[in-house]
Amino acid sequence: MFRPVPTRPDLVGLEHELLGQWRERGTFAKLRAQNAGGPRWSFLDGPITANNPMGVHHAWGRTYKDLFQRFHAMLGADQRWQNGFDCQGLWVEVNVERDLGFTSKRDIEAFGIAEFVSLCKQRVLTYAARQTEQSTRLGMWMDWDDPDELRRLRDALAADPGQVVTIQGPNGPLTDTAEMLVGRLGHPELGGSYYTFSNENNDLIWGFLAECHRRGWIYKGHDSMPWCPRCGTGLSQMEMNEGYQDREDPGLTVRFPLVDRPGESLLVWTTTPWTLAANVAAAVGENLEYVRIRQGEASYWIGKGTLKQSVVGPFQVVESKPGSELVGWRYAGPFDDLPAVREAFAGGTRDAPDSPYEHRVVAWSEVGEDEGTGIVHIAPGAGAEDFQLGKSLGLPVIGPIDEDGRYYAGFDWLTGREAAAAAEAIVDDLERRGFFYHLAPYTHRYPHCWRCGTPLLFRLVDEWFISMGEVYDQPRETLSKEQLDASLRYQIMEVVDEIRWIPSFGYERELDWLLNMHDWMISKKRYWGLALPIYDCTACGTFDVIGGRGELRERAISGWEAFDGHTPHRPYVDEVAIACPGCGDSVRRIPDVGNPWLDAGIVPFSTLHYREDREHWERWFPADFITESFPGQFRNWFYAMLAMSTVLRRERPFKTIFGYATLFGEDGRPMHKSWGNSIEFDEAAERMGVDVMRWLYTSARPEDNILFGWHAADTARRRLLVLWNAYAFFVTYAKPAGWTPPADGRAPEAHDAATPMDRWILSRVAGLAATAEDRLLDVDPAATARLIDTFIEDLSTWYVRLSRRRFSRNADAADRDAAFSTLHTTLVALARIVAPILPFIADSMYQNLLPEDGGAAPESVHLTRWPTAELARFADPALESAMATARRVVDLARTLRGTAGLRMRQPLARLWLALPGADSAQVEQLLTLIAEEVNVKHIERIDDESSLVDRRVKPLLPKIGKRLGAAIPAVMTAARDGAFELNPDGSVTLGGVTLAPDEVEIQATPRPGTAVAHDEGLVVVIDTELTPTLRAEGDARELQRAIQDLRKDAGLDLDARIELWLEGVPAEVEPHLANVARETLADKLTRGAPAGDPGLPVTVELSGGSVRITLRSLQGGPGVE
RNA sequence: GGGGGAGUAGCCCAGUUGGUCAGAGGCGCCGAGCUUAUACCUCGGAAGUCGGAGGUUCGAGUCCUCCCUCCCCUACCA
C-alpha cells in the first residue's frame, strides 16, 4: 500500500532521507554494475578549484554534469563518473598566505617552502573533502572519495609527510607515505576524483613540455611585462584579461627642457609618474603637426591636435613643425642625476655604444592625439610597448623596480619606496625642480591582478613561453600545408572545427581567441604548482626540458636522493641537477612553477592514463561531452586542452562543449557577501532544497545569465509542487480505494475502459519521453524542462482536474480502475523522465508507486531505463491534436460566458460548434467532455451552410506570394471583404485571380451580430437563453458551492459528515436538494432555521431568492451512500 | 581601436527561409470565473511609433545601409 503523501512536502527532509537510502543500498554502485560494459559515454569533468566551499554558481554547472550523466546512464551507457579537483596555483597560495598572515614572498621563504607547499596540499584536501560532501548533497553521482579519508590523509600529511599510511583502493589496500599517497590520488589503484596535483598529472605535463621543446616552441623571453607586486610574479595574457578595472590615476603633464633650444620644453603626459625615473626618450608621430606655444615666459612644444585637452590657461601659438623635424632633439630628463640613470646611459645605444646616451625625441608610428600631449614618455623598463620601441631603436633600458614593486638601489631617495605609492612624492619633487606642468585625475581601465586585485606594474623580467606560431596575413583556407605545420595556432583551429560548440557562438569566440592570442607564458615565479622541468644553463645559455620523472632520474647527476620519495613539487624537485647538454656543466631547474592551466589542460590525457594504459585511453578519448561556464574558459580550460591535445595528438580532446553563462544575485549584480545578495550553497540546499535548485538551473537558458535568489527559487518550487500534488492526489484516492498497481510493475496494455482522456494523457507522456530524450541527446536541457513543465501543466489542469470524479465515489469500478491505472502509469513514466533533473522527487515518487513487494521493477528510479520504447504504444497524435482543439473550444466557450455574464455553474441548453476539417472526426469523441467542462446540455455541430457562419477564404501567402507579386494587395482585399467565388473544382477566384485549392484555406467565420467566438476556423456559439429549469439547476449548484465553501471555512475534514439547515430554498430548487445533500455529505437536511447555535450562517443569493445556510459537523455520523 | 551579440507591452523575453490586426511563454497589474489534490487554476483586459533614419520588395520585427544605446570578447594607447 502507498505511503501517505503530504500535500506540502518537506523536500529537504525527503532529500536527506533518500541520500541515506542510496548510501545504505549502494544504489549508485548498482547502477555502475548494471551499465558496466555498455556503450561508452565519456564525460570529462572540468576541475573545480579545491580552495573554498563550493558556491551556488558551481551547483549550476554541476546540475548539468549530473543530469547528463544520469540521462546517459538511463540509456545504458558505461561511464567513468570521475570528478576533478584543481589543486595547484596561486589562488591556493594566496589563501594559505592570508591564513599565515604573510604579506610577501620573503615571508614564505623564511617560513620554509616545504612546509608552505605542504599547507597548500592540506588546504586542497580540506576543500576537496568539503566540496565532495556538498556535491553529494546536490545529488551529484560521481565516484567520490570518502571525505573522511581525505581529511585523514591531510592530517597525516600535516603530522609527518613521511609516515606510512594504508588506504583502501578499489582493488585492495594501498600502503605508502602520506605524501606519496596524496600524490597518487585519482590514479587507478586509488580511484575517486582526479587531482591536478597528482604525480601523473604533473608527469604528463612534463611530457607535453618536452614535446613542445622538441619542436622548438619553448623559449625564454626578456621583456617588460605585467607584474603583480604583491604576488611577486608576472601575469600571462590570459590572466591579464581577468582583471581590467576602472581606476583613477594621476594624469601628470611634465616638461622636458630641450637642451639645444633654450627656454623651450616638450610637454609630456603620463598616468604612471613612477615610470618617469626610467624615462629614456620622448616619442612623436612623424606625420603629426606640432606647435610651439608661449605661456608667459615659458615656451612649450606640443601636438597641435592636443592643445585643447592639454594646455592650461591662455597661450599663443608661435611656431609649427611636423613631428619628423622634432626627431633627434635632445632634452633633459627629470631624473638624470640618479646613479641608475647615469649608469644606464653611460653604455650608449646599440648603434653608438661608445658615447653616453642622452634623452632625445624619437619617432613612433603609434603616437596619437586622442589623449595626452602628442608626445609620449618612453620608459622601456616599465612598459611593454616602450620596451619594443626601445629595442627596435637600440636604446638603453632602465629597470626601476624589484619583485615587490620597490625602487632598486641607485634611485636615490626613491630607493626602497613602493613605486605605486610614490606618485605624490614624485609630483612634489618635480614641482620643486621645475619639471611640473599640470596634474589632473584621470580615470581609465587599468589591469589588476585577478587574484588579489593589486594594480599591475610593468617590469623587466625573464619568463618562459610556448610559441603559438605565426599569424599569417591571409585567410585560413588559403594556408599551405607548410604554413599550417609551422604554426600551432592554426593547427588548434583545425581541431576546433571538429568540435560541436553549444551555443554556436562559442565556435567563433574560440577561433577569435586563437587568432589573436599571444605566445603562452607558462612560468610563474611562485612556490606551489607544477615544477617547470626547464634546465637553463647559465654557463652556455643552452636549456633543456625534461619529459618525465623517469627521464629526470636517468639524467640526474646529483640531488636525486633528496627528491626521491617526494611528489614533483618544490623544494625537493629543485635539488636535482642534470648535465647541460651544451657544455656539460651541472644545471638546476629554473625555480619557476607552471601556469595552472597546464594542470587542467592535460586532463584528457592524465585522467585517461595516456601513458600507463593506452588501451584505456583509446576507449575514453576523446570525451563525448564537457560543460563549463563560458566566461573565461575560451582562453583558459578549453584553450589549454585544445593546445595540449593538438600538440600531443593533433586531434580534438572532446566532441561537444556545452557552455553556460554567469550566475548573479537576484538584483542582477555579482553575488557579494557585503551586498547582501549572496547565498551560500549549504544554506540554499537546506532552505530551498536541491531539486528546486536543479529545476531552476535546468530551466534556465544557458546562454543567459541567471539571477539567483529566493524569489526565483519560489517560482521554481511552485512548478514542482504542481507535479507533487498530482502525485499526492493519486495516492490520496488510491489508498482508500484499495487500488494497487500490477505486481510486475509494468505499465498495462491499454485498458479496456480507457476513456479518450486516459488515452490522451498516456499519449502525451509517451510523446514527452520521446521529445525529452531527443532534446537531451541534443544537449538542450532548457527545452527539456519546458516540455516537462508543459506536461505537468496538462496533467494537473486538464487530466486530473477533469477526471477527478472518476477517482472518488465512482460507481463504475472499471472506469475507476482505468483512471487509476492511467494516472499511475503516467506518474511512474513521469518520475523516470524527470529523474535526471530531479533525482530526489523522482525517486520518492517512483518508489512509493511501486507495487507492494516491488515486483520485478528496479528498486530505484535511477536503475530504470529511459521509457521511450515502453511507452511508444500509447502514442496517438490524432487524439492529441483533437484534444488541443477541444481545449480551444472550451476556452472560447468560457470567453463567451464571460461576455454574456453567465457563470460556469449555470448550465446552458446548447452550444453550437463548427470545426475546421482536420480534427473533425477525432473531436467527435470529445464532445461529451467538452459539454461537461463548459456545462452545457447539448452540443450541436454546424456546417458551412449554417446561418450562423460565413465562409471566409484565407489565401496562403507563402505559397502564392512569389507567383502573384504585385497582385497580392487586391487578392487580400477581396479575401477580407468576402468578395470571392468558389469554383466547382475547389479553386477560388478573387480579386480577378484564381487560386488553386491548395493555395487557400476555407474557414468558417461568425456572421456578424451573433454571440459567437472563433479562432482559425473554429466557431463556437452558445445559447444564452435560460429556461426556468436551467436556472434552478444553476441555483442548485450555486447552493452546493456555498455549502462547500462553508465546510472549508469551518475547517472540516474531507470526509466529515454534516447536518444542514437551509432557509428560503426556492421551490424550483427543491428537486435538486437530495443531490446537493449527497455532494456535501449532509446526512441531515432541515428546511428552516436551526434551534440553538450550531455555527455561523451564511447567505447565498440565488436567482430564485436568497438562501440562508447553517451547518454543523456530525462526528462519525452514519454514511448515506 | 577591432570583433560579436542585443534593443519587441511595466519587467524578463519568443518571433523559423520576408507573408499581412505584432505575441509563444513567464513575472506583475486590473476585472471576472473556477475549485474541498494544488493559498492553485481558467478566461478576459489594459499597455508597444518592434532603438532611430533611410533603402530593397506587392509586402519588412525579419533583408541591406547609416546612426544611437547597452552587453560580451579582444587590444601595447602613453
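Order of the sequence lines sets the chain letters (A, B, ...), proteins ahead of strands, with each chain counted from 1.
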Checklist entry - NA contact type, A/E793, heavy-atom cut-off 4.0 Å: base, sugar-phosphate, or nothing? => result sugar-phosphate
Item to check | Aromatic plane relationship, A/W724 with A/Y727 - under 30° parallel, 30 to 60° tilted, over 60° perpendicular | outcome: perpendicular
Checklist entry - Aromatic rings A/F634 and A/F630: how do their planes relate, parallel, tilted or perpendicular, breaks at 30° and 60°? => result tilted
Checklist entry - Can you check the A/L696 CG to B/rC27 C1' distance for me, whole Å? => result 14 Å
Item to check | Partner nucleotide, any strand, of B/rG59 [Watson-Crick/G-U, under 3.5 Å] | outcome: none
Checklist entry - Do the rings of A/F820 and A/W739 sit parallel, tilted or perpendicular, given the 30° and 60° boundaries? => result parallel
Next on the checklist: At 4.0 Å (heavy atoms only), tell me whether A/E508 reaches a base, stays on the sugar-phosphate, or touches nothing.
Outcome noted: nothing
Next on the checklist: Just to be sure I understand the rule, does A/A726 reach a base, reach only the sugar-phosphate, or reach nothing, if contact means heavy atoms closer than 4.0 Å?
Outcome noted: base
Item to check | Nearest-angstrom distance from the residue atom CG of A/L956 to P of B/rC58 | outcome: 21 Å
Checklist entry - Is any side-chain N of the basic residue among A/R805 and A/E1079 closer than 4.0 Å to the acidic one's carboxylate O? => result yes
Next on the checklist: Of the listed nucleotides (B/rG19, B/rU36, B/rC34), which one gets closest to any side-chain atom of A/M904?
Outcome noted: B/rC34
Item to check | Separation of B/rC41 P from A/L795 CG (nearest whole Å) | outcome: 14 Å
Next on the checklist: Please name the nucleotide paired to B/rG7 by Watson-Crick or G-U wobble geometry with both distances under 3.5 Å, or report none.
Outcome noted: B/rC68
Checklist entry - With a non-hydrogen cut-off below 4.0 angstrom, is A/R786 in contact with a base, only sugar-phosphate, or nothing? => result nothing
Checklist entry - B/rG33 pairs with which nucleotide, Watson-Crick or G-U wobble, both distances below 3.5 Å? => result B/rC41
Checklist entry - So, is A/R905 near the phosphate of B/rC34, with a side-chain N or O under 4.0 Å from OP1 or OP2? => result yes
Next on the checklist: I'd like to know if A/R8 reaches the base of B/rA39 with its side chain such that a donor and an acceptor end up less than 3.5 angstrom apart.
Outcome noted: yes
Next on the checklist: Does either side chain, that of A/E239 or that of A/S236, offer a donor lying less than 3.5 Å from an acceptor on the other one?
Outcome noted: yes
Item to check | Phosphate OP1/OP2 of B/rU42 contacted by A/R887 side-chain N/O (<4.0 Å) | outcome: no
Item to check | Atom-pair distance (CZ on A/R1078; P on B/rU36), nearest Å | outcome: 16 Å
Checklist entry - Does atom NZ of A/K391 have more than 12 heavy-atom neighbours from other groups under 6.0 Å away? => result no
Checklist outcome for this item: Across every strand shown, the nucleotide meeting Watson-Crick or G-U wobble geometry with B/rG1 (both distances under 3.5 Å) is B/rU74
Item to check | Annotated protein contacts, base or backbone, on nucleotides 71-78 of chain B with a non-hydrogen cut-off under 4.0 Å, one of B, S, - each | outcome: -SSSSBBB
Next on the checklist: At 4.0 Å (heavy atoms only), tell me whether A/S796 reaches a base, stays on the sugar-phosphate, or touches nothing.
Outcome noted: base
Checklist outcome for this item: Paired with A/H824, the ring pair (Phe, Tyr, Trp, His ring centres under 6.0 Å) test is passed by just one of A/F730, A/Y733, A/F807, A/F729, namely A/F730
Item to check | Between C1' of B/rC34 and CD of A/Q1040, the distance in whole Å | outcome: 13 Å
Checklist outcome for this item: note: A/Y507, atom OH; B/rG4, atom P; distance rounded to Å ~ 15 Å
Next on the checklist: If you compare every side-chain N and O of A/Y727 against the phosphate oxygens of B/rA37 (OP1, OP2), does one of them come in below 4.0 Å?
Outcome noted: no
Next on the checklist: Is there a side-chain contact between A/V280 and A/V397 in this structure, where contact means two heavy atoms from C-beta onward sitting under 4.5 Å apart?
Outcome noted: no
